[in-house]
Number of protein chains: 2
Amino acid sequence: MADSRTRRDRVGAAAITVDLVIFTVRDDELHVLVIERGKEPYLGRLALPGGHVRDDETLDEAALRELAEETGLDGRKLHLEQLRAYGDPGRDPRGRVVTVAYLALGPDMPLPVAGTDARAARWVPVQPLLEESAALAFDHGVILREGLERARSRLEYTTVAAAFCPETFTVADLRRVYEVVWGVRLDPSNFRRKVTRAERFLIPTGERRTPGTGRPAALYRRGPAQLLHPPLLRTGDVARAQSTGPGLR
Amino acid sequence: MADSRTRRDRVGAAAITVDLVIFTVRDDELHVLVIERGKEPYLGRLALPGGHVRDDETLDEAALRELAEETGLDGRKLHLEQLRAYGDPGRDPRGRVVTVAYLALGPDMPLPVAGTDARAARWVPVQPLLEESAALAFDHGVILREGLERARSRLEYTTVAAAFCPETFTVADLRRVYEVVWGVRLDPSNFRRKVTRAERFLIPTGERRTPGTGRPAALYRRGPAQLLHPPLLRTGDVARAQSTGPGLR
DNA sequence: TCAAAAGTGTTGGCCATACACCCATGC
DNA sequence: GCATGGGTGTATGGCCAACACTTTTGA
């Protein structure tokens with residue numbers, strides 16, 4: 001490669017950050033954790049939690065640290081995976097900032113009390129955020145959308161849906177996760193057959209939980225399986241309507 | 001966030017690069033494009049092609065530019081998608097370098113003649129590279145492995161397998177792509193049924209191609225479909241043996 | 001020169017499985 | 001009303017056999 005560079009060839013250093021798309025299910029609705037920005041740019045606007053990557057930590061470690069700082073929870077109990085990097089030159093008016101987005105899935109969590117962090121973090125429903133394109137600062141709206149699609153896709157082929165549930169849960173709890181994340185209604189009978197047939201996905205605890213009304217439901221604990229065999233596919237209509245497909249933007 | 005930082009808290013700028021995992025199928029074997037490094041570190045070692053992201057370009061643009069520089073081909077004719085970011089503090093001995101890896105899939109391409117670029121780029125079979133863990137410089141062995149798994153997964157749910165084929169191709173050509181990338185044998189009859197049933201995947205050209213021996217095969221052109229409905233799933237054994245699953249490393 | 005063999009693509013059938021839809025039952 | 005379980009028709013996939021078309025081989 002040539003070592004002499006013209007002005008257009010200039011390569012400078014960039015700031016590296018991580019941003020987190022943290023989903024949970026509360027009140028039968030998908031929520032995402034957002035913070036209210038306390039400084040310019042985008043002062044007062046909602047944004048995804050995140051921060052700078054330190055010199056001595058990996059990207060994964062930075063994501064875990066930010067997760068702990070923003071939610072007060074142990075990231076090792078959540079599902080956490082890298083989404084992708086976003087680095088358009090103009091995405092941050094302060095200069096070149098490349099952010100590595102992470103997707104986190106967890107059960108309905110107690111929020112960090114106000115004061116543990118300067119920024120006020122809170123759960124907000126995802127749907128309204130998707131409809132208003134400029135609801136989030138920077139390009140966080142795009143990141144949120146791609147995080148949602150990744151989460152929807154992950155539910156098909158992996159067992160991460162259980163990450164949305166507490167320690168023990170019923171098949172109906174798990175089904176509600178799928179229904180809320182995918183935005184569809186699922187047949188309880190077929191759903192039960194599929195998730196109980198999958199090996200090492202659900203481990204019966206032997207206990208039962210009595211809902212306000214109706215027959216007591218069996219309680220399960222999460223099994224060691226990571227991949228779903230066979231996968232729980234969204235039906236054609238759902239997949240076509242929601243999937244964005246791969247490729248460059 | 002606190003503005004006072006201890007030594008451990010230090011956040012500095014990082015260099016941003018893109019690296020490309022470029023796959024093709026030649027002689028019924030999966031190949032990847034590698035270059036031989038012409039300077040330290042890892043002088044003389046094989047590496048994935050890539051380079052620095054310029055100040056005024058997006059990550060995608062940098063990937064397209066590097067692809068053109070290294071292969072001499074128009075990246076818009078290939079399938080190109082971001083894999084993920086790699087940024088461990090020690091991955092480059094020269095300092096903090098965060099690289100954004102891209103996956104590219106294309107038909108068997110003429111290589112750039114020696115001299116267009118200082119580095120000698122060439123196709124090498126993937127399998128031996130996987131078996132020798134330190135065959136590639138930096139953490140490129142990890143990137144290659146994750147790129148391969150992504151490619152294998154993409155073949156299941158999308159129509160990108162056609163990106164490995166020339167303008168017009170036969171069903172058997174397409175089947176060989178699946179067999180080579182997945183490393184399995186597929187039933188010709190079932191494969192034909194599935195790919196021809198998928199809507200807008202294959203468009204018959206009306207022409208036929210006569211192989212060295214045997215019945216002439218119908219020629220197809222790639223259709224506009226991006227997603228495969230229904231998907232062409234790897235069977236349980238194959239998926240279990242090859243898939244790495246999501247999550248942090 | 002012609003016929004048989006070999007090789008590859010193409011088509012269709014059979015069967016087991018999996019799923020969607022529906023209904024019955026327990027609490 | 002909700003969880004659970006079973007039953008049935010349909011769709012799909014795996015396996016297999018037959019057929020179509022061409023080149024090669026050899027008498």
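A note on names: the letters A, B, ... follow the listed sequences, proteins ahead of strands, and every chain is numbered from 1. Here the structure is a predicted model, which means the values were calculated and not measured.
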[X] with [Y]: basic N within carboxylate O range, under 4.0 Å:
X: B:E167; Y: B:R222; value: no
X: A:E69; Y: A:R65; value: yes
X: A:R45; Y: A:E36; value: no

Between [atom2] of [N] and [atom1] of [X], the distance in whole Å:
X: A:L186; N: C:dC19; atom1: CG; atom2: P; result: 13 Å
X: B:D187; N: D:dA17; atom1: CG; atom2: P; result: 12 Å
X: A:Y220; N: D:dA3; atom1: OH; atom2: C1'; result: 10 Å
X: B:E156; N: D:dG13; atom1: CD; atom2: P; result: 13 Å
X: B:E179; N: C:dT8; atom1: CD; atom2: C1'; result: 13 Å
X: A:R209; N: D:dG1; atom1: CZ; atom2: P; result: 20 Å
X: A:H229; N: C:dC19; atom1: NE2; atom2: P; result: 14 Å
X: A:L202; N: D:dA3; atom1: CG; atom2: C1'; result: 15 Å

Flag side-chain contact, heavy atom, 4.5 Å: [X] against [Y]:
X: B:F164; Y: B:F23; value: yes
X: B:E131; Y: B:L129; value: no
X: B:I22; Y: B:Y102; value: no

Got a sec, which residues hit side chain to side chain donor-acceptor pair (under 3.5 Å) with A:T170, two or more places apart in sequence or on another chain?
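Side chain to side chain donor-acceptor pair (under 3.5 Å) check on A:T170 returns A:D173.
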
How does protein contact run along nucleotides 7-12 of chain D, one letter per nucleotide 5' to 3', with B for base contact, S for sugar-phosphate only, - for none, heavy atoms under 4.0 Å?
B----S

For nucleotides 21-26 of chain D, just jot down a letter per nucleotide in 5' to 3' order: B, S or -, based on protein non-hydrogen atoms under 4.0 Å.
BBS---

Any chance the side chains of [X] and [Y] put a donor and an acceptor closer than 3.5 Å?
X: A:Q82; Y: B:Y86; value: no
X: B:H31; Y: B:E29; value: no
X: A:T24; Y: A:D108; value: no

Of all the heavy-atom pairs spanning B:C165 and B:L174, show the shortest one and how long it is.
SG-CD1, 4.1 Å

Under 4.0 Å, heavy atom to any atom of DNA chain D: which of residues 166-175 of chain B qualify?
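None - not one residue of the stretch has a heavy atom sitting under 4.0 Å from the strand.
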
Just grab all the salt bridge (Lys or Arg N to Asp or Glu O under 4.0 Å) pairs involving residues 178-197 of chain A, residues at least two apart or on different chains.
A:R175-A:E179, A:E179-A:R185

Would A:F191 and A:Y178 count as a close aromatic pair, with their ring centres under 6.0 Å?
yes

Given C:dG9, D:dG14, D:dA3, the nucleotide with the shortest approach to the side chain of B:K194:
D:dG14

Return the angle between end axes of the helix from C:dT1-D:dA27 to C:dC27-D:dG1, with five pairs used per end and rounding to 10°.
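Terminal axis comparison yields 10°.
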
B:R192 side chain near C:dG9 phosphate (N/O to OP1/OP2, under 4.0 Å)
no

With sugar-phosphate meaning primed atoms plus P, OP1 and OP2, does B:R176 contact a base, only sugar-phosphate, or nothing at under 4.0 Å between heavy atoms?
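Sugar-phosphate only.
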
Between A:R145 and A:L130 (side chain of the first, backbone of the second, donor and acceptor by atom type, cut-off under 3.5 Å), is there such a pair?
yes

